[in-house]
Each structure stands twice: as C-alpha cells, then as structure tokens.
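Structure first, commentary second.
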Amino acid sequence: MPAPPLRILADENIPMAREAFGGLGVVRLAPGRALTPEAVREADVLLVRSVTRVDAALVEGSALRFVGSATIGTDHVDGAALRARGIAFAHAPGSNAESVVEYVLAALLRLAAARGASLRGKTAGIVGCGAIGGRLAAQLPAFGLRVLKNDPPLAERAGPQGFVTLEALLAAADVVTLHVPLTREGRHATHHFLDGAALRRMQPGAWLLNTARGAVVSNAALLAALAEGRPGAAVLDVWEGEPSPDPALLRRVDLATPHVAGYSYDGKVQGTVLLYRALAAHLGLPPAWDAEAAFAPGPDDRLALDPPDPSLSETAWLDALVWQMYDLAADDARLRRLPRLPPGERAAFFNDLRKHYPRRRAFARHTLPRRAVPPACRAAVEHGLRVRLVE
C-alpha cells in the first residue's frame, strides 16, 4: 500500500503555504497562536512563525517529524526539546533581513523629515551585526551616516577589529538600532540589556529603534526615560507583552508598529521558499515548486516610482520616494487605535493587524528613471535604498 500523505500544519500567515507545500502533503492552516498540543498531535510537519512557542509541551506525544520556522530568529523554538524527540528543524535565516533594513531606513527618513533634519553627518550605532545588522551597516553610509558596530559574540569569532563596546556606542551614537536575538542566559544575554542605566548612557536627543525583540529593551525603563525626554525619539516594532503592548508606552513613542518590520511580501515569501527547500531535502525529494512565480508582480503592485518634487530637500525627497514603496506612517496610525480599545480586545486587534497586513514589495523590486534622481540623492537611492534605476 502507498504511504499516507504527509500531514502538514502551517501558520496561516505563512504566504503561499498551500501552493508550496501542497505537492508534499495535505496542508492545513491555523492561526499561529492557536497551534496547541491538541492541534499539533496528528501532524507530521509543523510550520510556524515567531508567535508560536515550540517547546516540549507543544510537541510531546505528537507524530511530528519536522518543524520549520519561516523566520530569521529561533528564540521561540526549544531546539533541545526537538532534538531529544528526533524531530528535524529548519528555519529561514536572512529571509526577511532586507525587509527589516527597509523598515529602519524608512523610519530614519521619517524621523529626519519630521524634524527638518538631515541624516548626513550623524553616527548610527548598530547593536547586533548578523544578517540584518550587517546589511544595514553596508547601506547606511550611502545616506552619509557614520556606522559603529557592536556584537560581542561576532567579535569573539571574527576578531575585535571593527567593533566597539556597547558603552562606547551608546555614548557616541545619534541613532541606536537593535538587531539582536532574545537570550536570557550566558555572558551575552540580551534580555533587558538596554535597561534604565543603559538608556541614561545614550547621547541626549539620540534616536532608539527596536526591531529585534520587545524584551531586549526594558519597556518600563524606556517609558520612564521617554517621560524625562530621553531618548530624543523612539521607534518600536516589537514590544514586551505582545500581543498586548503597554498603551502608555505606545502613546509615547514616535513610531509604533505591530511587529511587522520583516513583513514585506518578498521577505515572507522568501521564508516560505527556504522552508520548502529544507523540507524537500529532508524528504529526499527534488524541489518541484516554481518559487520564482511567487515573486512576479501582482495586479495591484505599483513598482514604477514617480520622482518626487526636485525642489525638496535631500531628506524630504528621499522620504517622499520611500513613502511610495512603504507607508510606515499608515502602519503607525493603525496601531494607534489599540489604546482606545477595551483591554480584552487589544491582543486580538494586534494579531489582526499582522494577519491582514497590506502587501508591501521590496524596495529592490521598484524602478525609477535615473535622470530623475538629484545628484545629491543618487548614492542613497541606488546603494542605500537599492531601488533599480532605469534609463
């Protein structure tokens, strides 16, 4: 008798899950926060995103043979529990790195434009220089920023040259952007590593951006610091207590979004691609899904950009260009409704914003006539934003 089809249970927010994995088995979709032990028990394959905690309690007694996470991070997965039960694991390192970098660039330009300021001459401190931080470090100089890098584990492996201590970075940086995993143990634990004392070491007026994990910053300490005017601006995409962020903190920050920095369509599909290839390899099957078709322009994609008004300042021009590709202010406006809801409805609202997130294409999928780019903006457009310039 032929073997029964593979039973695949996937988070409904993994794009193209049926198209990609349907050729490998029977795909069932469910909300990521509803992937309970009862739901998982009969599955052979479990595919998740970061909202699902994969631990011994979830997988005990299940038929699971493979777990995949369509995310860059793995702090939501207990690898030891999977290994102890002989369950293979794969994730998608680097899949949404481009998306997070684009979010950070959009946020920096929005902050600068709102203040009538320039990014040129500022110092950006990048804490965590892996797939996301490393890419950001390569792109920020195109905007005229000096870059400082802090990543103790990487410095230990690669050598200290090119890295600074966290204390030196906080003291010198006009912008501090966080790209570290959430870890609670070891010499380089990151849980609350930005606490009240660390926030006080930041330069007066410095901007803080967190797109890593909510708990790497003490949200209580940040709220107190913001009440005192420190830091000068804060952008949070991640929050302690997700999906129920502190309403008081949400009201205080300059830009607030519901953990969607890595949610570009292209980044999410790339996560699906990496998981599909990993599962096919685990099964000893050649990849059969045409992943390239998933990246083709959709009927509502507007990838040809309009040149902004050439009379604008460099910062305002770049901000207006980015707005056509990613309206970060709209994400912020949607989340601002959360504090006005009854407490019992806030988590569902936060989750719903993620579930029904608008389609956002990667900057590199967009085109702009080369002749329409002011000379002062050329490097930022081509090497910073990585928009495709056409003749």
Side-chain angles (χ1 to χ4, degrees), residues 96-124 126 131-147 174-175 177 207 209 211 233 235 254-255 257 260-267 269-270 295-332 358-391:
N96 68 348
E98 183 178 31
S99 178
V100 177
V101 168
E102 290 170 352
Y103 176 100
V104 171
L105 298 178
L108 290 177
L109 289 168
R110 188 90 292 272
L111 290 176
R115 288 159 174 74
S118 173
L119 295 178
R120 289 195 177 277
K122 291 187 181 296
T123 297
I126 301 175
I132 296 171
R135 183 186 292 253
L136 185 62
Q139 291 176 231
L140 283 178
F143 298 88
L145 286 120
R146 170 183 175 236
V147 172
D174 303 295
V175 173
T177 179
W207 303 347
L209 294 83
T211 56
V235 177
D254 295 77
L255 291 169
T257 50
V260 293
Y263 259 39
S264 77
Y265 172 79
D266 301 81
V269 170
Q270 185 61 23
F295 292 104
D300 297 325
D301 289 337
R302 184 175 172 273
L303 302 180
L305 302 173
D306 295 325
D309 183 345
S311 69
L312 293 171
S313 69
E314 176 187 6
T315 301
W317 194 94
L318 291 169
D319 180 56
L321 184 71
V322 167
W323 176 83
Q324 297 180 56
M325 300 183 285
Y326 175 32
D327 188 356
L328 175 55
D331 279 354
D332 172 83
R359 182 176 168 108
R360 166 165 55 108
R361 296 308 305 262
F363 291 178
R365 299 281 174 181
H366 295 77
T367 62
L368 182 68
R370 184 181 298 273
R371 66 181 181 277
V373 182
C377 299
R378 184 71 56 81
V381 172
E382 191 168 16
H383 304 298
L385 301 176
R386 298 190 175 176
V387 169
R388 289 193 297 121
L389 299 183
V390 295
E391 302 302 332

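Residues satisfying the salt bridge (Lys or Arg N to Asp or Glu O under 4.0 Å) test with R120, not counting sequence neighbours, are E314. Residues meeting the side chain to side chain donor-acceptor pair (under 3.5 Å) test with Y265, sequence neighbours left out: none. By the side chain to side chain donor-acceptor pair (under 3.5 Å) test, R359 pairs with D301, sequence neighbours left out. The side chain to side chain contact (heavy atoms under 4.5 Å, CB included) search around A330 returns D327, R334, not counting sequence neighbours. In terms of the salt bridge (Lys or Arg N to Asp or Glu O under 4.0 Å) criterion, residue partners of D266 (sequence neighbours excluded) are, by chain and number, R361, R365. Qualifying salt bridge (Lys or Arg N to Asp or Glu O under 4.0 Å) partners for R146, counting only residues two or more places apart in sequence or in other chains: none. Listed by chain and number, the residues in a side chain to side chain contact (heavy atoms under 4.5 Å, CB included) with A316 are L312, S313 (sequence neighbours excluded).
No donor-acceptor pair closer than 3.5 Å links the side chain of T315 to the backbone N or O of G116.
Of the charged side-chain nitrogens involved, at least one lies within less than 4.0 Å of a carboxylate oxygen, so that R115 and D254 count as a salt-bridged pair.
When all heavy atoms of E98 and A364 are compared, the closest pair comes out as OE2-CB, 3.7 Å. The shortest non-hydrogen separation linking L119 to A112 is CD2-CB, 3.9 Å. Closest heavy-atom contact between A124 and L140: CB-CD1, 3.7 Å.
Here the straight-line distance linking atom CG of N96 with atom CD1 of I132 works out to 5.5 Å at 0.5 Å rounding. The distance from atom OG of S264 to atom CE of M325, rounded to the nearest 0.5 Å, is 12.0 Å.
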Listing, residues 302-311 side-chain donor-acceptor contacts under 3.5 Å, not counting sequence neighbours, or none:
from : atom 1 : to   : atom 2 : distance (Å)
R302 : NH1    : Q324 : OE1    : 3.4
R302 : NH2    : D306 : OD2    : 2.3
D309 : OD1    : S311 : N      : 2.9
D309 : OD1    : S311 : OG     : 2.9
D309 : OD2    : S311 : OG     : 3.1

Name the atoms and distances for all side-chain donor-acceptor pairs under 3.5 Å in residues 101-110, with sequence neighbours left out.
from : atom 1 : to   : atom 2 : distance (Å)
E102 : OE2    : F363 : N      : 2.8
Y103 : OH     : T257 : OG1    : 2.6
R110 : NE     : D319 : OD1    : 3.1
R110 : NE     : D319 : OD2    : 3.3
R110 : NH2    : D319 : OD2    : 2.3

Could you list the donor-acceptor pairs under 3.5 angstrom formed between side-chain atoms of residues 371-384 and any protein atom two or more places apart in sequence or on another chain?
none

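Counting heavy atoms from C-beta outward, W207 and V235 have side chains that stay 4.5 Å or more apart.
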